[in-house]
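Structure record follows, encoded as structure tokens.
Residue numbers count from 1 along this sequence. Both counts, for ligands and for their atoms, begin at 1 and track the order of listing.
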Amino acid sequence: MENVFDYEDIQLIPAKCIVNSRSECDTTVTLGGFTFKLPVVPANMQTIIDEKIATFLAENGYFYIMHRFEPEKRVEFIRNMKSRGLISSISVGVKEDEYEFIRQLAEDQLVPEFITIDIAHGHSNAVIEMIKHIKAHIPQSFVIAGNVGTPEAVRELENAGADATKVGIGPGKVCITKIKTGFGTGGWQLAALRWCAKAATKPIIADGGIRTHGDIAKSIRFGASMVMIGSLFAGHEESPGETVEKDGKLFKEYFGSASEFQKGEKKNVEGKKIFVEHKGSLVDTLKEMEQDLQSSISYAGGNKLDAIRHVDYVIVKNSIFNGDRVF
Ligand SMILES: NC(=O)C1=CN([C@@H]2O[C@H](COP(=O)(O)OP(=O)(O)OC[C@H]3O[C@@H](n4cnc5c(N)ncnc54)[C@H](OP(=O)(O)O)[C@@H]3O)[C@@H](O)[C@H]2O)C=CC1
Ligand SMILES: Nc1nc2c(ncn2[C@@H]2O[C@H](COP(=O)(O)O)[C@@H](O)[C@H]2O)c(=O)[nH]1
């Protein structure tokens, strides 16, 4: 692999502005035949999304993926979303029970619009078999498969029938895969995304490592159709994590899906728990993300998201922040 870089190492180069106001810039994106307000999806993790947030996002035109850590609630969740005329978007694993779950959905003719296969090492026969199983039983569902970090993996999952692949092994804020295994895209997630996107014939979701709203634009530039984000969505009033007070300040917990806290046991732990500062309302963050992305589109010299895909860039190697803190 030549040129290896990450979000911090890149700056996008402005092109002549064609709008009179940033509000003219359109941040919408289409995935699986549906149009969403932002090319952003909160991570399918238990401290990031719950049924209430999923409903809010669906009602307001945002994409969401419900997590898979309360498997017994999924059927009722899909039924509820459908009864309200909302998109249902769930996650599955690859263990035996999940095969039965998919068969059950098919039998009940309960078709989620989106199914995400969510495991750590997605370049595996386990994921390939699950993609085929879903496509055999509920072919109408849009299948997102992951996570992967190489073009070979993207091709194999696409060939197995995945409608989109999710790229990112180890760049997450609460990830310790890189430390515990020595593997992953941590530290070069943006370059890995570019590498994978060159091989992809279907949409790619960039997952993990987003630390600023500008990183969303950079992900789009390097080939993502959608960006999955955990840490920036943690710590909101609405976030499911526990709230704690420390020295008069409010914090909320954010833990990894492969952490001891999620698993309830210390086995194959590849995630940790952190406390993030309370951030206020999720609505405000979504609004700010939209405004920042509208601004990115204007700097790209266009009025649609696609303009960002064509801008030039420079590699500045860790010097963007010039020693400053991000916020
Ligand atoms: N994006 C990322 O960088 C990472 C994300 N995660 C998240 O943590 C959660 C748990 O993930 P995961 O442990 O995969 O889910 P599961 O615990 O459901 O495991 C899925 C299956 O894959 C097997 N498996 C897991 N890791 C590997 C591996 N490295 N090699 C071979 N087989 C493996 C498991 O068996 P067994 O446990 O017996 O090995 C199990 O059969 C998910 O939500 C996932 O997205 C976790 C790590 C990295
Ligand atoms: N290695 C691990 N990765 C994890 C774990 N739980 C979630 N994740 C991944 O992180 C992203 C979110 O990243 P962020 O930088 O935006 O916070 C999430 O979507 C998963 O792919 C874990 O326990 N270990």
Side-chain angles (χ1 to χ4, degrees), residues 6-8 40-49 63-71 90-99 101 116-130 144-150 153 165-190 192-193 196 204-213 215-216 219 224 226-235 239 241 252-276 279 285 289 326:
D6 213 339
Y7 289 101
E8 279 201 297
V40 164
V41 58
N44 49 347
M45 300 166 72
Q46 212 169 2
T47 47
I48 300 297
I49 187 159
F63 186 42
Y64 78 90
I65 304 176
M66 187 57 191
H67 67 73
R68 66 175 170 92
F69 302 108
E70 289 170 309
I90 58 155
S91 303
V92 298
V94 294
K95 292 182 181 165
E96 200 41 52
D97 291 357
E98 300 290 64
Y99 281 82
F101 171 62
T116 297
I117 306 173
D118 167 40
I119 70 163
H121 192 1
H123 191 186
S124 66
N125 287 332
V127 167
I128 289 169
E129 289 314 313
M130 182 51 84
I144 299 167
N147 273 22
V148 298
T150 63
T165 53
K166 195 142 67 70
V167 170
I169 298 186
K173 183 89 171 178
V174 287
C175 163
I176 53 172
T177 299
K178 49 191 172 276
I179 296 157
K180 296 208 29 162
T181 71
F183 281 82
T185 58
W188 63 292
Q189 167 69 2
L190 193 58
L193 171 63
C196 290
I204 284 195
I205 301 179
D207 179 13
I210 302 292
R211 300 288 173 264
T212 65
H213 295 177
D215 293 346
I216 300 168
S219 303
M226 183 69 77
V227 184
M228 179 171 266
I229 305 179
S231 59
L232 293 187
F233 280 116
S239 303
K252 287 197 96 163
E253 63 175 356
Y254 173 39
F255 56 72
S257 304
S259 67
E260 195 184 337
F261 307 93
Q262 181 74 67
K263 292 178 165 217
E265 60 174 340
K266 222 174 176 162
K267 182 169 176 277
N268 293 127
V269 166
E270 290 187 21
K272 62 181 179 183
K273 171 151 97 175
I274 61 172
F275 287 90
V276 297
K279 287 193 187 115
T285 296
M289 260 181 197
V326 178

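Taking any N or O of Ile210, backbone or side chain, none lies under 3.5 Å from an N or O belonging to ligand 2. Taking any N or O of Lys173, backbone or side chain, at least one lies under 3.5 Å from an N or O belonging to ligand 2. Of the N or O atoms in Gly209, one or more lie within a sub-3.5 Å distance of an N or O in ligand 2. Here's the thing with Asn44: none of its N/O atoms is less than 3.5 angstrom from an N/O atom of ligand 2.
At the shortest separation from atom 23 (O) of ligand 2 among protein heavy atoms lies Ala258 N, 2.7 Å.
Of the options Asp207, Ile205, Val174, the smallest heavy-atom separation from atom 21 (O) of ligand 2 is shown by Asp207.
Rounded to the nearest 0.5 Å, atoms NZ (Lys166) and CG (Asn147) are 4.0 Å apart. The line from OG of Ser231 to CZ of Arg211 is 4.5 Å long, rounded to the nearest 0.5 Å. With rounding to the nearest 0.5 angstrom, the CD1 atom of Ile48 is 12.0 Å from the CE atom of Met66. If you take CD1 on Ile205 and OG1 on Thr116, they are separated by 6.0 Å, rounding to the nearest 0.5 Å.
Residue Gly271 approaches ligand 2 through these ligand atoms, each under 4.0 Å from one of its heavy atoms: 22 (C), 23 (O), 24 (N). Less than 4.0 angstrom separates some heavy atom of Ala43 from each of these atoms of ligand 2: 19 (O). Under a 4.0 Å criterion applied to the non-hydrogen atoms of Met228, ligand 2 contributes the atoms 19 (O). The ligand atoms of ligand 2 that sit less than 4.0 angstrom from a heavy atom of Ile229 are 16 (O). Listed by number with element, the atoms of ligand 2 under 4.0 Å from a non-hydrogen atom of Tyr254 are 12 (C), 13 (O), 14 (P), 17 (O).
Here Met45 has side-chain heavy atoms under 4.0 Å from ligand 2, and that is the only part of it that gets that close.
Looking only at side-chain heavy atoms (C-beta outward), Ile117 and Ile144 stay at 4.5 Å or farther from each other. Considering only heavy atoms from C-beta on, Asp97 stays 4.5 Å or farther from Pro71 through its side chain. Residues Ile216 and Ile210 have side chains in contact (heavy-atom distance under 4.5 Å, counting atoms from C-beta outward).
With hydrogens and angles left out, the side-chain atoms of Tyr254 and Ser239 include no donor and acceptor closer than 3.5 Å.
Partners of Phe233 according to the ring-ring contact (aromatic ring centres under 6.0 Å, His included) rule, which considers only residues two or more places apart in sequence or in another chain, do not exist here. Annotation: side-chain contact (heavy atoms from CB on, under 4.5 Å) contacts of Phe183 (sequence neighbours excluded): Thr181.
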>> Assess the residue pair Phe255 and Met45 against the criterion (side-chain contact (heavy atoms from CB on, under 4.5 Å)); give the C-alpha distance rounded to whole Å, side-chain angles, the decisive distance to 0.1 Å, and a yes or no.
In response: CA-CA 8 Å; Phe255 56 72; Met45 300 166 72; over 6 Å; no
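Distance remark: protein heavy atom present below 4.0 angstrom from atom 12 (C) of ligand 2. Inside a 4.0 Å radius of atom 4 (C) of ligand 2 there is not any protein heavy atom.
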Throw together a table of side-chain donor-acceptor distances under 3.5 angstrom for residues 267-274, partners on residues two or more places apart or in other chains.
residue, atom, partner, partner atom, Å
Glu270, OE1, Thr177, OG1, 2.8
Lys273, NZ, Glu253, OE1, 3.0

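Heavy-atom separations between Lys166 and ligand 2 are all 4.0 Å or longer. Residue contacts with ligand 2 leave out Phe255, since none of its heavy atoms falls under 4.0 Å from the ligand. The closest approach between a heavy atom of Gly168 and any atom of ligand 2 is not below 4.0 Å.
Nearest heavy atom pair, residue Thr185 against residue Ala192, reads CG2-CB, 3.6 Å.
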What are the polar N/O contacts of ligand 1 with the protein below 3.5 Å, with distances?
residue, atom, partner, partner atom, Å
ligand 1, 1 (N), Asn147, ND2, 3.3
ligand 1, 1 (N), Gly168, O, 3.2
ligand 1, 3 (O), Gly170, N, 2.7
ligand 1, 14 (O), Ala120, N, 2.8
ligand 1, 15 (O), Arg68, NH2, 3.2
ligand 1, 18 (O), Arg68, NH1, 3.4
ligand 1, 18 (O), Arg68, NH2, 3.2
ligand 1, 43 (O), Asp118, OD1, 3.2
ligand 1, 43 (O), Asp118, OD2, 2.7
ligand 1, 45 (O), Asp118, OD1, 2.5

